[in-house]
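Notes to accompany the following structure.
Just so we're on the same page: letters track the sequence lines, and every chain starts at 1. Note that the structure is predicted; figures quoted are calculated from it, not measured.
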Amino acid sequence: MDFRRIEVIFIVVFAILNAYLFGSYWQYQLEAGTTSSSNSSENSTILKEMRNDQITYMPLSNKKMNGYYASATVDTSLKDNIKRLTDQSARVVDNYVESTLNEELTVDPKQPQKVLNTFVKNRYNIVYGSEYQYNPNLSTNVQVVYTQMIDGHPVYSKAGKLTFYVNASNEVTGYTQGHLVNEKQLREKSELISQTRAVTWLYQYNEIQNDSKVEWADLGYTNLLTTDNGVVYVPTWVIGIKSKSSTGIQVKRINAFSGVLIKKDHEVTTESSTQASGSTAASDDSSSVSSTETSESEATSASSDVSSTTSSTSSATTEATTSTSTTY
Amino acid sequence: MKDTKTRKIVRHVILLILALTSIVLSWVIWTNPARYERAKQVSSEKVQSNQVNRDKGDVILPTQVIYTKGEQQELINNSKSSLPKAAVKEISSWKLSNITRVSRGNKERFLDYATLSHSLMLKYPSNITGKIFNSIYDQKLNTNAEISQIVVNVNKPNEFFLLNDATYDVYQAKASKQDLKQLRKLIKQSDSQYKVKETIMNHNLINDYQTAIKVPYYSFSVNKESSSVFTANLLTNTDADSIDTKKTKDGTEYVSNDTTKRLLIKNNGFVAFNNASKANDTEESLKRNLELSFYQMKQLGVQVDNMRYFNFHENNHEIEFRDFVEGFPIFNADGLDTIKVAHQAKQTTTSFSIYNLDVPVPTSKSDKELPSTQDMLDELKYSGINTDKIEDIDIGYERPSTTKANSTVELEPTWFIKYHGDWTSYRDLVS
């Protein structure tokens, strides 16, 4: 056998060996991928199931985020502070400011914050206005919502919310305001479930109907339980779902620490394409402010001037305190 | 076909390239971390949880951080974001190599290293092994040594020490790719500092608080886990498996259909789970025991956010995990504060509680003043305790027992003393 032939045989053998080695290397790579992101591969399977159920969603993120348990108390000294407000008739009912503007404020229905941002920041218009930020998710044609922030994330609870009411001619007529004080971080920061995981959990809990769309999923803080020393807020994925069969947006909540569904009987029907179906300002959260401090008397009926329909949310106010001990 | 010179060269080159490629590929495959990951994956996959997935690095963590400024030492902490976790993460990005023993069995020299000027010390409540260190800090040190503390000079590079207070051995590892600025930043970010002096008590490096100190109270809501969670997680492999239930005076016992697994839930909330379906190798290393225990703990499905590796009892191969808050252990007289996993020859026994600390809640009480270490020891001596027999001391939190779901417990800071093998609160010991 000449040297040439031996060399050719070697080339063939090495080529086969290389092909085999490359194949197993590739396989290890694939496995490594699933090991490091076993959660996200699980998620993608569920997302596929969701697509099969005709559920569409906005782009979801797998980004790792951190959050903490926070506590805050309801501001009981608003009465003194509203004295400085001008060009409006404001009063405090159960620790919420209710105010009617002397002169309506015209806003662009597409970008109401353009006018309102300046209005809110002025201390003679809104008390502690600089603590609030515009929240497009909760805002509709009939109400524009601003929220207080914890760790840079909005407080999805009535107690930290400023709601402007807008009439049919796009004029702001008045507002209600809850104000939280003494915000404290209770424990060190800890990792949260990702946005994708929150949405897939919601689907697994059977809370997303077929043929609907996940409009938004925002990390915020919601009240988890009420104690004598204040209300505990937990990082929460607040998710807005629009069903094709109905006009409103349903808001669902997932505890971002535990992945547990925070059940509250409120099916917030925010907005619709027409202004006819209004919303209840008080219904989109249950903010069970310590029952000794406020009686939650019919959610102060503050929104009566604009809300035309009310969903059955009367029991929602007591729900939050019991929502902590769901199983994992 | 004529074998021209060019063809010959081309053949040589092709063969050479192919041979080299196969060597490179073999090397890459052998050193690929995915090979090891696969083994790990199997044990963790079984546990389904909707919480953020906790890794063993979240539980086998240093609990306290000591900063030595010149001569003065401080126990430092950051209530906003975990300081030990951040320090471990930072060290994990360094490259450590060439470990050598620099001191052996010498108490004084050990203390010199523990109190090295401008150093940061990470303290574990109980020894870990070199292998556990490697897997958590993402290193490849060639050592079987046990480690109780890690000391890093934050001003001078390449001064990295691993300490073992049980033997007074000190090891030094060569450190490269260090970013000491990050560690100094972490020290600056700390928001609580207690002045301490590191001293030795019965082969334990303890924090000697030289003056009386103020320690905050903490409150938590307590979650009562339903028994169905445990029977589902521990006793059944498939939904079709049946479980025998027996009510006894003490509580309820659940037995799997092949009688190898028993779960006893006592009326006071204490749970014992016996698994005789698999024999254990009692020669297993601490590393293996720790890993198996961690996965067993995960399988329970209870919240482990506050849990830290606390102790290893060598005689019954028992790993103890305990709740911690801000670097201090939480103790409860009824044992509702720990998860213990013992790997005996024929069975694995896990004891835990159905009442777990759940959500932190604001507390109305301000700080509590605790006496200095010396004053506390003097008082113990005065009440007739033989202080030479004290094995260990630490500040901890006392958790009252409760058998109500959704109730709130207040954790009260106090001194804890390990005496005759048990941790007892200073008040109980004095009385």
Side-chain angles (χ1 to χ4, degrees), chain A residues 4 7-8 10-11 13-15 17-18 20-22 24-25 27-36 38-39 64 66 68-69 71-73 182 184-194 197 201 204 224-225 227-232 234 254 256-260 321-322 324-325 327-328, chain B residues 3 7-8 11-12 14-15 17-19 21-22 24-26 28-29 32-35 37-38 40-41 44-45 49-54 58 77-83 85 218-226 228-229 301-303 305-306 325-326 358-364 405-406 408:
Chain A
R4 195 177 74 113
E7 208 175 25
V8 171
F10 264 91
I11 289 177
V13 169
F14 270 110
L17 178 69
N18 278 350
Y20 169 74
L21 287 176
F22 191 75
S24 44
Y25 172 73
Q27 202 179 351
Y28 276 136
Q29 282 303 309
L30 282 180
E31 278 171 18
T34 49
T35 308
S36 57
S38 59
N39 268 339
K64 279 187 182 172
N66 291 306
Y68 53 76
Y69 285 109
S71 75
T73 48
N182 296 329
K184 270 187 219 135
Q185 181 174 343
L186 287 174
R187 292 285 288 128
E188 59 206 23
K189 277 192 175 190
S190 182
E191 202 185 310
L192 305 174
I193 61 169
S194 70
R197 195 69 198 102
W201 269 121
Q204 286 175 297
L224 185 62
L225 69 159
T227 70
D228 298 341
N229 303 314
V231 184
V232 178
V234 65
I254 295 281
F257 276 130
S258 63
V260 167
T321 46
T322 56
T324 58
S325 58
T327 53
Y328 294 104
Chain B
D3 200 7
R7 283 186 184 213
K8 223 181 200 170
R11 265 204 320 271
H12 288 344
I14 291 176
L15 185 58
I17 291 172
L18 283 173
T21 322
S22 69
V24 169
L25 276 173
S26 310
V28 169
I29 290 171
N32 196 331
R35 285 175 65 84
E37 295 289 341
R38 277 162 89 195
K40 270 197 241 161
Q41 187 65 8
S44 61
E45 231 168 22
S49 164
N50 41 1
Q51 297 171 40
V52 178
N53 194 27
R54 296 278 171 228
D58 294 318
N77 197 19
N78 184 347
S79 64
K80 307 279 182 232
S81 121
S82 169
L83 181 56
K85 256 186 206 171
Y218 284 95
S219 285
F220 280 85
S221 76
V222 172
N223 177 31
K224 182 185 179 186
E225 212 69 70
S226 122
S228 63
V229 173
V302 297
Q303 197 181 332
D305 281 5
N306 301 316
V325 61
E326 304 292 329
D358 192 19
V359 177
V361 296
T363 170
S364 55
N406 297 329
T408 303

Would you mind checking which part of A:Tyr68 comes under 4.5 Å of any heavy atom in chain B, side chain (CB onward), backbone (N, CA, C, O), both or neither?
-> neither
Of A:Val232, A:Val13, A:Asn66, A:Asn229, the largest count of non-hydrogen pairs under 4.5 angstrom with chain B goes to A:Asn229
d(A:Ile254 CD1, A:Leu192 CG) to nearest 0.5 Å is 13.0 Å
Is it the backbone or the side chain of B:Ser79 that comes under 4.5 Å from a heavy atom of chain A, or both, or neither?
-> backbone
Checking B:Asn78 against chain A: side chain, backbone, both or neither under 4.5 Å from a heavy atom?
-> backbone
So do A:Arg187 and B:Glu326 actually touch side chain to side chain, heavy atoms under 4.5 Å?
-> yes
If you measure from the Lys or Arg side-chain nitrogens to the Asp or Glu carboxylate oxygens, is any gap between B:Lys85 and A:Glu188 under 4.0 Å?
-> no
For residues B:Ser22 and A:Leu17, report the shortest heavy-atom separation together with the two atoms involved.
-> CB-CD2, 3.8 Å
Is there a donor-acceptor pair under 3.5 Å between the side chain of B:Ser221 and the backbone N or O of B:Val359?
-> yes
B:Val24, part contacting chain A, at a heavy-atom distance under 4.5 Å = neither
Could you look at A:Ile11 and say if it's the side chain, the backbone, both or neither that has a heavy atom under 4.5 Å from chain B?
-> both
